[in-house]
Protein chains: 2
Amino acid sequence: MSIAIENFVKAIYKNGKRDNNDTKPGNIAKELGISNAAATDMAKKLAVKDLLHYKKYQELKLTDKGTKMALNVVRKHRLWEALLFKLFDLSLHDIHREAELLEHQTSDLLANKISEYLGNPKFDPHGDPIPNAKGEITTTDTSISLSNAKEGKTYVISRLMSDDKEFFDFCAQHGLKYGNTILVSKQFSKNKMTQTLINNNTILLNKDFTSIIYVNEHH
Amino acid sequence: MSIAIENFVKAIYKNGKRDNNDTKPGNIAKELGISNAAATDMAKKLAVKDLLHYKKYQELKLTDKGTKMALNVVRKHRLWEALLFKLFDLSLHDIHREAELLEHQTSDLLANKISEYLGNPKFDPHGDPIPNAKGEITTTDTSISLSNAKEGKTYVISRLMSDDKEFFDFCAQHGLKYGNTILVSKQFSKNKMTQTLINNNTILLNKDFTSIIYVNEHH
DNA sequence: AATTAATTTTAAGTAAACTTAAATATTTTA
DNA sequence: TAAAATATTTAAGTTTACTTAAAATTAATT
């Protein structure tokens, strides 16, 4: 299967996992940087290949086969991130960018070798779970999105769920790093803004960011 | 530049380095598993991009720009081979196959990180030189092709210059491994057959094989 | 609920990287 | 060196993964 197909299936999988859960062609198109028309075209094509269910104007839903493919790509992506993170001094953003390419050129054999070398890790440096060779995911992730965090509570950042350079630059700048502790000082439920305290600095995060930053309660 | 272009330029580079030195479209096409027509097409296209010189019915000659690109791809290929060889328990053939894909999805930054991690090696597990970031190659390779070896002399295998699975399987089976010692017991100059002694086993190699097995004199 | 706005789909078209078949040129060899 | 064999080129066509523009449908808003 082609890189375009792998990326398409992966985008649906990831979008389906998010808050909004919008897997209509337009959303996938935006994610992949292609036109809506191209996304519709591809959706029809993949329906024929039994990778997804397609009904006009409806959400795209992966079949079992499509989900399996998405999980396989995600597995390779996260294994590469874990390996590159371990071996080289590169930023999480750089590592993500490399993994984004390598994931499509990696045999199952090599993926297994990488996993074995790393001691079969269950989470990548972003805190995201790494599916195993069968596509199974460890779901003991108790984290919640920062947009659902409670005022006055302290949390530990467990995932920075994004591929966007700007986002990672922003994170690096403000101490929003995997494992760091933050205090949610104020939560504006209406427009989903969140005011947090990190290293004694108060920062305001809008919904775009709070919905992709995941945290665990700090005990 | 696309994968197809990178592979095309690499094939010319490699063919130009070999005995025959035949870089006409047909030969490149054979190497890449595409039709002659496709190779001619591509050659014309790359001439426009100033990657090679094209004249009808003549050999294809890389420009400086083309050579640079080829060396960059070769560098990435060999760095991947060296890294995978070091980290994982995989056959040279498997490693070659993975590197063949990864080489096109590797940023210069990552290539440099791999090189640094490995201690900036000058040769890969095949014994082939690894160009540095500037495209310079260490040419202190004193090895000769087995077809030019002398009767009665002992040699150390320094390169197995191939991408072919069958060849590597044959090598593995007969102890033709990087670093192993062999005795050339008889050399048939006419048809270029070579009779060698490896681990007390006599084997006969034809020209196809002796021209791609490189050796250094054993002292 | 009706109109406007936004999205999705259809239709038509493009570029890259191929293919096969036929025409043309070059090599080989008898 | 002329004929036969081989290789290269041209021409026409295919597939994949897009594009833009217009038509159809759904969603939002007042």
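In what follows, every chain begins at residue 1, and chains take the letters A, B, ... in the order their sequences are listed. Everything numeric in this text was worked out from a predicted model, so none of it was measured.
- With T210(B) contributing its side chain and L146(B) its backbone, the two residues share no donor-acceptor pair below 3.5 Å.
- Distance CG (D22(B)) to P (dA7(D)): 9 Å, rounded to an integer number of Å.
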Determine whether K65(A) and D50(A) satisfy the following criterion, salt bridge (Lys or Arg N to Asp or Glu O under 4.0 Å), listing intermediate values before the conclusion.
CA-CA 7 Å; K65(A) 192 176 159 194; D50(A) 191 35; 5.2 Å; no

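- An OP1 or OP2 oxygen of dA27(D) is reached within less than 4.0 angstrom by a side-chain nitrogen or oxygen of K24(A).
- Atoms CD (Q58(A)) and P (dA27(D)) sit 8 Å apart, rounded to a whole Å.
- Counting only heavy atoms from C-beta on, K56(B) has its side chain closest to dT9(D) among dT20(C), dT10(C), dT9(D).
- For Y57(A), no side-chain nitrogen or oxygen approaches OP1 or OP2 of dA27(D) to under 4.0 Å.
- Straight-line distance from the CG atom of D41(B) to the C1' atom of dA16(C): 10 Å, rounded to whole Å.
- A salt bridge links K10(B) with E100(B): at least one charged nitrogen is closer than 4.0 Å to a carboxylate oxygen.
- Atom NZ of K30(B) and atom C1' of dC18(C) are 20 Å apart (whole Å).
- The nearest whole Å value for the distance from the CD1 atom in I5(B) to the C1' atom in dC18(C) is 13 Å.
- Contact check, N36(A) against dT7(C): no side-chain N or O comes under 4.0 Å of OP1 or OP2.
- Going from atom CD1 of I28(A) over to atom P of dA17(D) covers 16 Å, rounded to whole Å.
- If you take CG of L60(A) and P of dT9(C), they are 8 Å apart, rounded to a whole angstrom.
- Taking 4.0 angstrom as the limit, K44(B) places none of its side-chain polar atoms (N or O) nearer than this to OP1 or OP2 of dA16(C).
- Rounded to whole Å, atom P of dT8(C) lies 10 Å from atom OH of Y54(A).
- Comparing atom distances between the A37(B) side chain and each of dC18(C), dT19(C), dC18(D) picks out dT19(C) as nearest.
- The side chain of A38(B) lies closest to dC18(C) when the candidates are dT19(D), dT8(D), dC18(C).
- Nearest to the side-chain atoms of T40(B) among the listed nucleotides dT10(D), dA17(C), dT9(C) stands dT10(D).
- In terms of phosphate contacts, S35(B) brings no side-chain nitrogen or oxygen within less than 4.0 Å of OP1 or OP2 of dT20(C).
- No salt bridge links E103(A) with R75(A); every basic N to acidic carboxylate O contact stays at or beyond 4.0 Å.
- Among dT8(D), dA16(C), dC18(C), the nucleotide with an atom closest to any side-chain atom of M42(B) is dC18(C).
- Listed candidates were dT19(C), dA16(C), dT19(D). Nearest to the side chain of I34(B) is dT19(C).
- Residues H77(B) and H96(B) have side chains that bring a donor and an acceptor to within less than 3.5 angstrom of each other.
- Among the atoms of the strands shown, none is found under 4.0 Å from any heavy atom of F8(A).
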